[in-house]
Structure formats: structure tokens, C-alpha cells
Number of protein chains: 2
Amino acid sequence: MANSNLYKGSLTTIILKLLSEHDKMYGYEITQKVKALTKGELQITEGALYPSLHKLEAEGLLDVEVAKVDNRLRKYYKLTEKGTTETVNKLSELEQYIATLQTLINPKLSY
Amino acid sequence: MANSNLYKGSLTTIILKLLSEHDKMYGYEITQKVKALTKGELQITEGALYPSLHKLEAEGLLDVEVAKVDNRLRKYYKLTEKGTTETVNKLSELEQYIATLQTLINPKLSY
DNA sequence: ATATATACATAAATTTCTTATGTATGTAAA
DNA sequence: TTTACATACATAAGAAATTTATGTATATAT
């Protein structure tokens with residue numbers, strides 16, 4: 001992204017949304033998924049991702065399950081019930097915010 | 001707004017866009033305009049606005065002109081040439097970012 | 001050997017915003 | 001007449017979300 005400032009505030013919602021679609025995911029997988037879905041447009045950094053996951057877990061929105069795959073550690077995260085509810089809320093907030101932005105930046109349709 | 005975190009990063013672009021449509025505006029006017037356009041959804045706080053305006057001025061994107069109206073001080077801001085160019089850039093970045101977000105949060109259209 | 005990918009983590013610094021506070025003028029209400 | 005609200009600017013302290021840098025460790029490819 002050219003202006004990565006725009007990114008601020010939406011990371012949590014993106015994580016939750018992905019988890020609502022994938023049952024369980026681990027951190028590295030999330031970074032790769034976002035990169036793939038956005039064709040490289042959005043690259044989540046580890047310094048942003050891991051603290052976010054820890055926070056979501058601390059808030060009770062995510063549960064963790066540690067696994068060892070190919071002799072490597074993985075931490076699988078999945079939505080709790082509370083997390084599922086919050087995902088719905090945060091998604092509608094984000095959609096509302098996008099709609100608000102549109103009214104500001106889009107060329108007026110009323111001439 | 002419920003989640004004002006979403007707001008982060010887009011204030012500068014909003015200010016520039018408004019100024020690209022209004023030739024010159026003063027700070028308080030910007031807050032009222034945004035409030036009206038978004039039907040109260042987005043309320044720019046003074047603590048965010050004024051430092052932003054000062055920064056944009058310091059970066060050479062805005063020019064200032066002080067005026068006294070009804071015995072009250074007003075600082076009119078207008079886009080410089082550089083500011084006009086930057087407005088175009090920032091707007092396309094914001095639009096691109098919204099499009100990127102859409103691909104992440106929108107229900108897949110491919111079933 | 002060296003680089004790259006996978007997989008986690010954290011700490012310092014930066015940016016952006018909220019909240020609180022301050023100054024000053026004008027008007028409306030109680 | 002004083003209280004509240006609107007207009008109009010400003011800044012400082014604190015909070016929150018990032019970036020950037022760094023670290024550990026395993027596996028694979030060059």
C-alpha cells in the first residue's frame with residue numbers, strides 16, 4: 001500500500017472476518033491469506049499481527065490451540081462465541097464507515 | 001461512530017478532498033461540513049483537526065489566510081499546487097484501499 | 001555456506017487520534 | 001445576570017495502533 005496509514009483500525013476486523021470463514025487459522029497463514037486475497041495489496045506485518053492476536057485472545061474473542069506440524073510450532077486461533085458476535089458488530093461498523101467515507105469522497109451524484 | 005479507530009488515517013484525505021471542492025475553508029467550517037455531509041456520523045474533533053491543518057500547511061499542501069469576520073478570527077485554508085496534486089494521489093489511495101477492504105469483507109460473489 | 005520460507009515473539013519508536021484544557025467573542029435563555 | 005451554547009482558534013498529555021528492528025528456531029533450496 002502506498003499510504004499504510006489507512007490500514008490503521010481495520011486489522012482486527014480483517015482478522016475476525018477471516019476466522020469467521022475459516023474455522024481455525026494460525027498467524028502466518030493469516031498473513032499469507034490476506035496477501036493472496038488482496039493480490040499483494042495488503043501485507044500484514046508480524047509486528048502488527050501477533051500483538052493483535054494476543055489482544056483478541058485476552059479479550060476472549062479468540063481461543064488458541066497449539067499444534068506441532070512438520071516439527072514446527074503453530075498456534076491455531078478460532079472464534080469464541082463472543083468473538084463471533086463481535087465479528088458481526090465490527091463488520092457492520094466497518095461497512096458503515098466505508099459508506100460514510102463514500103459520501104465524502106465520491107463525486108456528488110446530485111447535479 | 002462506534003469504532004473511531006477506523007477513522008485513523010483518513011482525516012488528511014478528507015480535509016484535502018473538501019478543500020478541492022470549496023476553494024477555501026476555515027477549520028470550524030470543515031468540522032461542520034463533515035458533520036452535515038455525514039449526517040452526524042463523522043464528527044471531527046478539534047484536537048485532531050487543527051494539528052492536521054498545521055501539518056498540511058508545514059508540508060506545503062495548504063496556504064493560510066487570516067481574516068476577521070464578525071470580530072472573530074478565521075483562518076482560511078486553501079490548496080497549493082502541490083496540495084492539489086497530493087489530493088489526487090491520496091484520493092486514489094483511499095479508493096484503492098476501500099476496494100481492497102471490500103475484497104476482504106464482502107461475501108464472495110463466486111459460488 | 002547462504003538465502004529463503006515457515007513460524008513464533010517482543011521492544012522501541014512513530015503516527016494518529018482522544019480527551020482535557022485554555023482563550024475569546026457573540027447570542028439566547030432562565 | 002449568569003448560565004449555557006455556538007463560534008473559532010490552540011495545545012498538551014495520554015492512549016492506541018502501527019512500523020521497524022531484532023531475536024529464536026526449523027526446513028529447504030542454491
Side-chain angles (χ1 to χ4, degrees), chain A residues 1-16 24-36 40 42-59 61-62 64-77 90 93-94 97 100-101, chain B residues 1-16 24-36 40 42-59 61-62 64-77 90 93-94 97 100-101:
Chain A
M1 264 195 306
N3 186 351
S4 64
N5 290 344
L6 298 171
Y7 176 49
K8 296 196 178 187
S10 38
L11 174 59
T12 292
T13 306
I14 291 170
I15 293 171
L16 292 175
K24 68 175 183 176
M25 296 182 86
Y26 56 100
Y28 187 77
E29 186 185 11
I30 293 175
T31 65
Q32 300 309 300
K33 197 65 168 179
V34 168
K35 195 172 164 184
L42 193 56
Q43 304 210 22
I44 296 181
T45 61
E46 294 167 301
L49 178 69
Y50 291 116
S52 278
L53 288 172
H54 300 161
K55 194 186 176 200
L56 289 169
E57 188 197 348
E59 291 169 347
L61 305 188
L62 299 184
V64 188
E65 180 198 327
V66 179
K68 198 150 196 174
V69 180
D70 293 333
N71 203 31
R72 275 206 204 85
L73 188 75
R74 279 185 190 173
K75 286 192 168 182
Y76 281 99
Y77 291 91
K90 285 195 182 282
E93 280 166 17
L94 181 51
Y97 183 60
T100 297
L101 274 184
Chain B
M1 262 196 307
N3 185 352
S4 63
N5 290 343
L6 298 172
Y7 178 48
K8 296 200 177 186
S10 39
L11 173 58
T12 293
T13 307
I14 292 170
I15 293 171
L16 291 176
K24 67 175 185 178
M25 296 181 87
Y26 56 100
Y28 187 76
E29 185 184 12
I30 292 174
T31 66
Q32 300 308 301
K33 196 67 167 180
V34 167
K35 195 173 165 183
L42 192 57
Q43 304 211 22
I44 296 181
T45 61
E46 294 166 301
L49 177 69
Y50 292 116
S52 280
L53 288 173
H54 300 162
K55 193 185 175 202
L56 289 170
E57 187 196 349
E59 291 169 347
L61 305 187
L62 299 184
V64 188
E65 180 196 328
V66 180
K68 198 151 197 174
V69 180
D70 293 332
N71 202 32
R72 276 206 202 84
L73 189 73
R74 280 186 190 171
K75 286 193 170 181
Y76 282 100
Y77 291 91
K90 284 194 182 282
E93 281 165 17
L94 181 51
Y97 183 61
T100 297
L101 275 183

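Note: hydrogens, waters and symmetry copies are ignored here, and every other heavy atom, side chains too, is used. In what follows, chains carry the letters A, B, and so on, assigned in the order in which the sequence lines appear, proteins first and then strands, with residues in each chain numbered from 1.
For A/Lys24, the side chain to side chain contact (heavy atoms under 4.5 Å, CB included) partners are A/Glu65, A/Tyr76, A/Lys78, not counting sequence neighbours. Listed by chain and residue number, nothing satisfies the side chain to side chain donor-acceptor pair (under 3.5 Å) test with A/Tyr28 (two or more places apart in sequence, or in another chain). For the salt bridge (charged side-chain N to carboxylate O under 4.0 Å, His left out) test, residues two or more places apart in sequence or in another chain that qualify with B/Lys55 are B/Glu59. With sequence neighbours excluded, the residues forming a side chain to side chain contact (heavy atoms under 4.5 Å, CB included) with A/Glu46 are A/Tyr50, listed by chain and number. By the side chain to side chain contact (heavy atoms under 4.5 Å, CB included) test, A/Lys75 pairs with A/Val64, A/Val66, A/Tyr77, sequence neighbours left out.
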Using a cutoff of under 3.5 Å, can you pull out all pairs of nitrogen or oxygen atoms linking the protein to nucleotides 2-4 of chain D, with atom names and distances?
none

What's touching nucleotides 11-13 of chain C from the protein side, N or O pairs under 3.5 Å?
none

For nucleotides 23-28 of chain C, 5' to 3', base contacts (B), sugar-phosphate-only contacts (S) and non-contacts (-) with protein non-hydrogen atoms under 4.0 Å give --BS--
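In this structure, NE2 of B/His54 is placed 12 Å from C1' of D/dA8, rounded to the nearest angstrom. To the nearest angstrom, P of C/dT6 lies 15 Å from CG of A/Leu49.
DNA chain D is contacted by no residue of residues 25-34 of chain A, taking any non-hydrogen atom closer than 4.0 Å.
For C/dT15, neither phosphate oxygen OP1 nor OP2 lies less than 4.0 angstrom from any side-chain nitrogen or oxygen of B/Lys55.
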